[in-house]
2 protein chains.
Amino acid sequence: MTTRASKRPPKGDTEADETVYTAILDAILAGRLVAGTKLAETPLAELFGVSRERIRKVLHRLVAERRLEAVTNRGVRVPCPTPDDVRAIYQAHRVLEAGILVELASRLDDALLGRLADHIACERQAAADGDRAASVRLSGQFHLLIADSLGNAELSAALRDLLSRSSVMVSVFEAATDSICGANEHAAIVEALRARDTARAIALSGDHFRHIETRLRLKMPSGGRPDLPAIFRPPAPAG
Amino acid sequence: MTTRASKRPPKGDTEADETVYTAILDAILAGRLVAGTKLAETPLAELFGVSRERIRKVLHRLVAERRLEAVTNRGVRVPCPTPDDVRAIYQAHRVLEAGILVELASRLDDALLGRLADHIACERQAAADGDRAASVRLSGQFHLLIADSLGNAELSAALRDLLSRSSVMVSVFEAATDSICGANEHAAIVEALRARDTARAIALSGDHFRHIETRLRLKMPSGGRPDLPAIFRPPAPAG
DNA sequence: GTCGTGCCAAATGTGCACATTTTGCCTTGC
DNA sequence: GCAAGGCAAAATGTGCACATTTGGCACGAC
């Protein structure tokens with residue numbers, strides 16, 4: 001307490017890190033940062049009004065979390081996922097949710113069924129109101145709700161990590177704007193759970209993801225940008 | 001090209017990063033770094049003969065990957081997982097493998113069944129030879145083999161991330177030394193897959209993980225160290 | 001005798017300056 | 001006119017020195 005207001009914020013730097021980190025991450029997740037964009041350190045430092053070292057730290061953290069890609073001496077870029085990459089993420093989500101449904105079926109209670117029903121009611125309400133943004137958000141949260149129901153932090157974290165990567169939210173948005181009937185598919189899954197028909201719940205969940213995958217595959221290759229890295233990549237093993 | 005051999009290796013620094021990173025990570029995974037150990041920067045820098053900044057970078061990377069825990073201005077420590085944490089990881093693995101088995105059942109072929117049979121043969125051979133280390137290694141690789149069979153890099157990475165955290169390898173070692181009959185349980189799972197009995201395969205897999213969990217729960221609380229952070233943590237929600 | 005307070009050493013966090021690499025552009029030769 | 005080589009500017013990577021915080025320890029008060 002020798003000096004009141006020192007030259008610079010003496011302890012608020014930690015939140016400065018968080019501010020920059022959150023700003024960049026939000027920009028990635030919201031799709032404002034187009035895939036392939038290079039994030040130079042100096043402009044970011046000037047933009048946020050912080051030192052370049054601080055930007056470097058945040059950027060390296062995002063690289064470690066696989067939110068950004070880094071090349072030595074050539075800076076970091078927003079990853080440019082190929083359609084196959086996105087498909088792999090949806091497939092991984094499908095597999096994970098199948099396992100979650102198996103576990104969930106063994107410890108289903110009325111309280112959980114009620115929460116799922118409430119959520120679907122919210123989804124339908126948003127759809128009825130024509131609130132596209134809310135519909136998309138609730139549609140994604142349905143799967144998180146299922147995962148979180150197990151109360152396993154590792155599983156929840158793994159799923160969130162999967163979803164947050166490769167600008168999936170944008171993809172979901174693209175897919176959901178076509179048809180907001182997702183709530184019905186969600187309701188069918190819950191109904192199968194209520195009937196203790198695990199196999200049917202898994203099958204419905206799988207169909208649900210395959211629907212999204214199909215819509216994505218129809219949309220993604222027709223993107224406005226050339227997506228050269230994907231074009232010149234060796235052909236997918238068709239598996 | 002002004003000076004031939006400059007003061008320091010001009011380009012080998014990247015591999016210096018990898019050397020330090022690998023050394024610390026290996027020490028964590030192999031259990032040589034006891035949980036709760038503090039990793040100060042200065043001693044590590046002197047030990048590896050590199051600058052403190054390099055150590056800092058590696059440490060922060062490990063923190064971002066959740067291999068280490070960091071507290072501001074108080075350095076980084078090796079995480080001290082509670083028995084509940086370890087149990088959660090095994091539960092997550094169980095859930096994930098259930099989903100993998102569902103997917104695997106829909107695209108099973110003789111080649112894959114053959115590879116699984118070969119692997120189990122290796123496991124039994126190692127058990128017959130009394131090679132404990134090989135048995136443990138092969139036992140863990142069985143689950144990785146199943147996951148990798150789907151050819152989904154995201155799933156494989158998620159599983160490896162799950163396994164590598166919280167010194168699971170040590171736990172597996174502890175559990176497996178009790179009884180090396182794991183190969184038989186693995187064989188039963190493969191047999192159910194061959195019979196196209198997905199439900200049975202999932203049930204057997206679940207039992208397999210529950211066996212390990214049970215052994216762990218019997219062993220872990222009796223550890224030699226006090227494990228105070230775990231002791232003074234609020235009681236588990238018994239769920 | 002024990003508790004509270006103030007100071008000192010150590011460790012962490014941060015900004016800065018320099019070394020190295022990359023890349024776009026200019027010059028030069030064919 | 002075109003291509004190849006080199007040069008310069010910019011951007012990244014790194015070590016260093018300093019500021020700040022933490023934890024322990026000693027001294028003094030009750």
Chemist: Once you round it to whole Å, what is the distance between P of D/dT12 and CG of B/Asp17?
Modeler: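 About 17 Å, once rounded to whole Å.
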Chemist: Considering only side-chain heavy atoms of B/Arg54, which listed nucleotide, C/dT12, C/dT22, D/dT14, is closest?
Modeler: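 Nucleotide nearest to B/Arg54's side chain: D/dT14.
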Chemist: Would you kindly give the CD-to-C1' distance between A/Glu41 and C/dT22, to the nearest whole Å?
Modeler: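 Going from A/Glu41 (CD) to C/dT22 (C1'), I get 14 Å.
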Chemist: Looking only at side-chain N and O atoms, does A/Lys57 come under 4.0 Å of OP1 or OP2 in C/dG13?
Modeler: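 Checking A/Lys57 against C/dG13: no side-chain N or O falls below 4.0 Å of OP1 or OP2.
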Chemist: Using atom CD1 of B/Ile55 as one end and atom C1' of D/dC16 as the other, report the distance to the nearest whole Å.
Modeler: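 My rounded result for the distance is 16 Å.
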Chemist: Between atom CZ in A/Arg61 and atom C1' in C/dG13, what is the gap in whole Å?
Modeler: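 That distance rounds to 16 Å.
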Chemist: Would B/His119 and B/Gln141 count as having a side-chain donor-acceptor pair, cut-off 3.5 Å?
Modeler: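 Distance-only check fails for B/His119 and B/Gln141.
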Chemist: Under 4.0 Å between any heavy atoms, over every strand shown, what does A/Glu53 touch: base, sugar-phosphate, or nothing? Just pick one.
Modeler: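 Answer is base: heavy atoms of A/Glu53 come under 4.0 Å of a base.
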Chemist: Tell me whether B/Asp131 is salt-bridged to B/Arg137, with the criterion being a basic N under 4.0 Å from an acidic carboxylate O.
Modeler: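 Salt bridge: no.
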Chemist: Assess whether a salt bridge exists between A/Asp118 and A/Arg115, defined as any Lys/Arg side-chain N lying under 4.0 Å from an Asp/Glu carboxylate O.
Modeler: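 Salt bridge flag = no for A/Arg115 with A/Asp118.
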Chemist: Report the nucleotide, chosen from D/dT22, C/dG13, D/dT12, that has the shortest atom-to-atom distance to any side-chain atom of A/Asn73.
Modeler: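 From the listed options, D/dT12 comes nearest.
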Chemist: If only side-chain N and O atoms of B/Arg52 are considered, is one of them under 4.0 Å from the OP1 or OP2 phosphate oxygen of D/dG15?
Modeler: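 For D/dG15, OP1/OP2 do not have a side-chain N/O of B/Arg52 under 4.0 Å.
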Chemist: With a 4.0 Å cutoff (strictly under), does any side-chain N or O of B/Arg56 reach OP1 or OP2 of D/dT14?
Modeler: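 For D/dT14, OP1/OP2 do not have a side-chain N/O of B/Arg56 under 4.0 Å.
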Chemist: About how many Å separate CD1 of B/Ile28 and OG of B/Ser164, when rounded to the nearest 0.5 Å?
Modeler: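 Separation between the atoms: 9.5 Å.
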